[in-house]
Amino acid sequence: QVQLVESGGGSVLTGGSLRLSCAASRAISSTNWMSWFRQGSGKEREGVAAMVTGGGATRYADSVKGRFTISQDNFKNTVYLQMNSLKPEDTAMYYCAADWLISRGGRWYPLDTSEYSHWGQGTQVTVSS
């Protein structure tokens, strides 16, 4: 069982930065993708950024490209989400997710919530103007 614990959320002003962390249990070897999702008030959960476990390919939602960066520290089993140039619309609960994804038709869908069964408890990010 993969256990995920997020941290690093907080309140910032528009244009500010935050770095989220997701500490994973040793069972991370049973995953091939680790990702960040977010869910704003009254909205559906959406994929933000994803990365192949151990480093490599990344995927980003169009809304965060150029502003957010996903990275990993393999020695610490930790995934990070560096968020720069934050906007009020980035306000949401941010969740870390991990799983062993199966390609469909040769394609991967690491930003789909349905691909994941392991989730953290979330960390709140609030951006005010």
Side-chain angles (χ1 to χ4, degrees):
Q1 181 74 11
V2 177
Q3 295 180 329
L4 305 167
V5 179
E6 303 96 333
S7 62
S11 297
V12 297
L13 297 175
T14 297
S17 298
L18 282 173
R19 189 177 80 156
L20 306 183
S21 299
C22 173
S25 65
R26 288 190 173 185
I28 191 175
S29 60
S30 64
T31 72
N32 60 356
W33 285 90
M34 296 190 71
S35 304
W36 287 95
F37 289 77
R38 67 185 181 187
Q39 187 167 16
S41 179
K43 298 180 180 180
E44 292 187 356
R45 192 170 297 189
E46 62 175 354
V48 174
M51 189 172 194
V52 170
T53 303
T58 57
R59 297 280 181 85
Y60 293 93
D62 288 343
S63 59
V64 305
K65 283 181 180 178
R67 300 188 299 122
F68 291 11
T69 303
I70 188 170
S71 62
Q72 294 184 13
D73 183 329
N74 295 326
F75 292 104
K76 296 181 179 179
N77 285 337
T78 301
V79 178
Y80 303 98
L81 185 66
Q82 177 66 44
M83 305 185 295
N84 299 326
S85 302
L86 283 162
K87 306 174 182 179
E89 50 263 45
D90 294 318
T91 295
M93 184 72 78
Y94 282 72
Y95 298 91
C96 179
D99 219 314
W100 188 272
L101 275 59
I102 305 297
S103 65
R104 288 178 272 154
R107 300 186 67 177
W108 301 91
Y109 298 88
L111 296 181
D112 284 357
T113 57
S114 63
E115 297 287 331
Y116 296 89
S117 57
H118 306 293
W119 294 87
Q121 82 290 349
T123 185
Q124 179 68 37
V125 171
T126 302
V127 185
S128 56
S129 56

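Keep in mind it's a predicted model, so treat the numbers as computed, not measured.
Neither V125 nor F37 shares a network with the other; the hydrophobic side chains, linked directly or stepwise wherever heavy atoms of I, L, V, M, F, W or Y lie under 4.5 Å apart, form separate groups for each.
Counting only distance, with no hydrogens or angles, the side chain of Q121 and the backbone of E6 share a donor-acceptor pair below 3.5 Å. In this structure a side-chain-to-backbone donor-acceptor pair under 3.5 Å is missing from Q72 to V79. For the pair N74 (side chain) and G54 (backbone), a donor-acceptor distance under 3.5 Å is present.
Between K43 and Q39, the shortest heavy-atom contact is O-NE2, 3.1 Å. Shown here for Y60 and I70, the closest heavy-atom pair between the two residues is OH-N, 2.9 Å. Residue A24 comes nearest to L4 through the heavy atom pair CB-CD2, 3.7 Å, listed as atom of the first residue, atom of the second, then distance.
Annotation: side chain of W33 is in contact with side chain of V52 (closest heavy-atom distance under 4.5 Å). No side-chain heavy atom of Y116 sits under 4.5 Å from any side-chain heavy atom of V2.
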For residues 15-22, please give each side-chain donor-acceptor pair under 3.5 Å, one per line with the distance, not counting sequence neighbours.
| unit_1 | atom_1 | unit_2 | atom_2 | d |
| --- | --- | --- | --- | --- |
| S17 | OG | N84 | OD1 | 2.9 |

Could you pull out all donor-acceptor pairs under 3.5 Å where a side-chain atom in residues 100-110 meets a protein atom, sequence neighbours excluded?
| unit_1 | atom_1 | unit_2 | atom_2 | d |
| --- | --- | --- | --- | --- |
| R104 | NE | E115 | OE2 | 3.3 |
| R104 | NH2 | E115 | OE2 | 2.4 |

N/O donor-acceptor pairs under 3.5 Å from side chains in residues 88-95, not counting sequence neighbours:
| unit_1 | atom_1 | unit_2 | atom_2 | d |
| --- | --- | --- | --- | --- |
| D90 | OD1 | R38 | NH1 | 2.9 |
| D90 | OD1 | R67 | NH2 | 3.0 |
| D90 | OD2 | R67 | NH1 | 2.7 |
| D90 | OD2 | R67 | NH2 | 3.4 |
| D90 | OD2 | K87 | N | 2.8 |
| T91 | OG1 | P88 | O | 2.9 |
| T91 | OG1 | V127 | N | 2.8 |
| T91 | OG1 | V127 | O | 3.3 |
| Y94 | OH | R38 | NH1 | 3.0 |
| Y94 | OH | D90 | O | 2.6 |

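Taken to the nearest 0.5 Å, the OG atom of S129 stands 8.5 Å off from the CG atom of L13. M34 contributes atom CE, which lies 12.0 Å from atom CG of L81 (distance to the nearest 0.5 angstrom).
No close placement of the W36 and F68 rings is indicated, their centers lying 6.0 Å or farther apart.
Partners of Q3 under the side-chain hydrogen bond (donor to acceptor under 3.5 Å, both in side chains) rule, at least two apart in sequence or in another chain, do not exist in this structure. Listed by chain and number, the residues in a side-chain contact (heavy atoms from CB on, under 4.5 Å) with Q1 are H118 (sequence neighbours excluded). In this structure S117 satisfies the side-chain hydrogen bond (donor to acceptor under 3.5 Å, both in side chains) test together with D99, sequence neighbours excluded.
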